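The figures that follow rest on heavy atoms only: side chains count, while hydrogens, waters and symmetry mates do not. None of the values given here were measured: they were computed from a predicted structure.
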Amino acid sequence: MNTIDTVCRRLRDIGIFLLGVAAVTLTIHYIYDYAYSPTRQAERLGMRFATESFEKALAERSKK
């Protein structure tokens, strides 16, 4: 019985450790994807161009 308890405790500790590693890995992946993803950069660039063109249109409209 003592051996089974020891094995179960070790398996539990390994499982907790692996959950921690998975959480850290997912966090790093999320941060990388948010900051450096080419898709995300393209979205930001498109939004910037849309905002600039909207601001220019508003400025021209207010001059009239």
Side-chain angles (χ1 to χ4, degrees):
M1 190 74 169
N2 194 14
T3 320
I4 293 173
D5 290 337
T6 304
V7 169
C8 288
R9 269 185 270 143
R10 286 184 183 165
L11 287 174
R12 182 196 65 207
D13 292 343
I14 290 171
I16 291 171
F17 172 75
L18 290 176
L19 281 173
V21 169
V24 169
T25 304
L26 286 173
T27 302
I28 291 171
H29 175 64
Y30 177 75
I31 291 170
Y32 173 79
D33 189 44
Y34 183 77
Y36 300 110
S37 170
T39 305
R40 190 75 149 147
Q41 289 176 352
E43 288 176 5
R44 282 191 213 126
L45 188 63
M47 289 300 289
R48 185 171 47 137
F49 285 143
T51 304
E52 288 174 358
S53 66
F54 184 69
E55 288 173 350
K56 285 179 185 177
L58 283 177
E60 290 174 4
R61 190 174 188 190
S62 65
K63 289 180 182 178
K64 291 181 181 180

Original post:
What distance separates Asp13 CG from Cys8 SG, expressed to the nearest 0.5 Å?
Top reply: 11.0 Å

Original post:
Does NZ or CZ of Arg44 come closer than 6.0 Å to the centre of the six-membered ring of Tyr34, within 45° of the ring's axis?
Top reply: yes

Original post:
Under the criterion side-chain contact (heavy atoms from CB on, under 4.5 Å), which of Ile31, Leu26, Val24 is the partner of Ile28?
Top reply: Val24

Subject >> Separation of Leu11 CG from Ile16 CD1 (nearest 0.5 Å) >> reply: 11.0 Å

Subject >> Qualifying residues under side chain to side chain contact (heavy atoms under 4.5 Å, CB included), relative to Leu45, sequence neighbours excluded >> reply: Arg48, Phe49

Subject >> Closest heavy-atom pair and its distance - Arg9, Asn2 >> reply: NH2-OD1, 4.4 Å

Original post:
Taking all atoms of both residues into account, what is the closest heavy-atom pair of Thr27 and Ala23, and its distance?
Top reply: OG1-O, 2.8 Å

Original post:
Of the non-hydrogen atoms in Val21 and Thr25, which two are nearest, and what is the gap between them?
Top reply: O-OG1, 2.7 Å

